[in-house]
Amino acid sequence: MTSTCENQTVPLNMETLAVIDFETTGLSPAMGARATEIAVVLIRGGVIVDRYQSLMNAGVYVSGFIEQLTGISNAMVRNAPSAAEVMAAAADFIGDTPMVAHNASFDRKFWDAELGRIQRRRSQNFACSMKVARRLFPESPNHKLGTLVQYLGLPDSGVHHRAMADAEMTAYLVVRMQAELMQRFGLNHVLHKHLCTIQSASSVKLEATMKRLQKAI
DNA sequence: TGCCAGGCCCTCTTTAGGGCCTT
């Protein structure tokens with residue numbers, strides 16, 4: 001089994017995180033699904049410092065279900081820049097910035113698959129905001145992005161299943177969780193590698209994990 | 001025709017099953 005966060009090395013300073021969200025034609029690139037939209041939000045020091053967003057044309061059909069879910073139509077995709085062009089721009093925008101996504105295994109699959117189509121490879125790891133939220137907020141009704149935003153009283157544009165809206169909500173969630181971790185466990189800062197450590201810890205061992213982090217930070 | 005993923009996590013578990021979460 002491969003962790004999304006193994007071999008992570010991050011300098012101990014104010015860190016930039018790239019929060020990413022894809023809209024796609026389905027659930028699995030292995031089954032032929034392609035990305036239709038990507039958004040990236042850069043956060044640093046608890047605030048959003050930059051954004052990238054684009055629809056993309058991968059030359060695939062958008063089903064009625066997906067159009068109803070996301071509001072992204074075949075016409076919108078047809079008029080968008082090519083997937084190769086958009087992915088190259090997104091990869092350049094992110095560089096080697098550590099990445100975060102909600103249910104990261106999903107976005108990581110599409111990021112790797114779309115990058116592979118332009119002969120590029122990911123150099124950094126993903127942290128998963130859903131996994132961290134499950135450990136930090138077990139009392140939340142569920143751990144869907146929209147539910148967590150509502151549960152925690154985070155900013156909500158009212159738009160869902162569009163890449164930038166979901167990336168921004170995930171960014172707010174990440175900042176909120178960093179603050180929660182700092183307050184609850186007396187940490188001075190919470191870096192990407194700490195999120196990776198927490199998401200990989202058993203929920204019943206979270207306290208022990210945090211004690212180790214407290215000593216390490 | 002109908003269906004199609006996959007990794008994680010919990011528990012009524014571990015010789016397994018099913019829910020969660022993403023589009």
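Just so it is clear: chains get the letters A, B, ... in the order the sequence lines come, proteins before strands, and each one is counted from 1. A quick note: this is a predicted structure, and the numbers were derived from the prediction, not measured. Heavy-atom basis, side chains included; hydrogens, waters and symmetry copies ignored.
In terms of phosphate contacts, Arg135(A) brings a side-chain nitrogen or oxygen within less than 4.0 Å of OP1 or OP2 of dC9(B).
One finds the CG atom of Leu69(A) at 11.0 Å from the CZ atom of Arg162(A) (value rounded to the nearest 0.5 Å).
Using atom P as the reference point in both dG2(B) and dG6(B), the two lie 24 Å apart (nearest Å). Nucleotides dC20(B) and dC12(B) place their P atoms 15 Å apart, quoted to the nearest Å. With both ends at atom P, the span from dC8(B) to dT1(B) equals 37 Å, rounded to whole Å. With both ends at atom P, the span from dC4(B) to dG18(B) equals 14 Å, rounded to whole Å. Look at the P atom in both dT13(B) and dG19(B): the space between them is 16 Å, to the nearest Å.
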Using a cut-off of under 3.5 Å, enumerate the N/O to N/O pairs linking the protein to nucleotides 17-23 of chain B.
{"from": "dC20(B)", "atom 1": "O3'", "to": "Arg134(A)", "atom 2": "NH2", "distance (Å)": "3.1"}
{"from": "dC21(B)", "atom 1": "OP1", "to": "His143(A)", "atom 2": "N", "distance (Å)": "2.6"}
{"from": "dC21(B)", "atom 1": "O2", "to": "Asn103(A)", "atom 2": "ND2", "distance (Å)": "2.9"}
{"from": "dT22(B)", "atom 1": "OP1", "to": "Leu145(A)", "atom 2": "N", "distance (Å)": "2.8"}
{"from": "dT22(B)", "atom 1": "O4'", "to": "Asn103(A)", "atom 2": "ND2", "distance (Å)": "2.9"}
{"from": "dT23(B)", "atom 1": "OP1", "to": "Asp166(A)", "atom 2": "OD2", "distance (Å)": "3.3"}
{"from": "dT23(B)", "atom 1": "OP2", "to": "His161(A)", "atom 2": "ND1", "distance (Å)": "3.2"}
{"from": "dT23(B)", "atom 1": "O3'", "to": "Glu23(A)", "atom 2": "OE1", "distance (Å)": "2.6"}
{"from": "dT23(B)", "atom 1": "O3'", "to": "Thr24(A)", "atom 2": "N", "distance (Å)": "3.0"}

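The side-chain hydrogen bond (donor to acceptor under 3.5 Å, both in side chains) check on Arg117(A) picks up nothing, with sequence neighbours excluded. Checked against side chain to side chain contact (heavy atoms under 4.5 Å, CB included), Arg184(A) has the following partners two or more places apart in sequence or in another chain: Leu136(A), Phe137(A), Glu180(A). Thr24(A) pairs by the side chain to side chain contact (heavy atoms under 4.5 Å, CB included) definition with Phe22(A), Phe106(A), Phe110(A), not counting sequence neighbours.
Applying the side-chain hydrogen bond (donor to acceptor under 3.5 Å, both in side chains) test to every pair with at least one member in residues 71-87 of chain A, sequence neighbours left out, gives no pairs at all. Pairs of residues two or more places apart, or lying in two chains, never qualify as ring pair (Phe, Tyr, Trp, His ring centres under 6.0 Å) while including a residue from residues 144-164 of chain A.
At whole-Å resolution of the value, CG in Asp112(A) and P in dG6(B) are 14 Å apart. The nearest whole Å value for the distance from the CE atom in Met31(A) to the C1' atom in dC3(B) is 9 Å.
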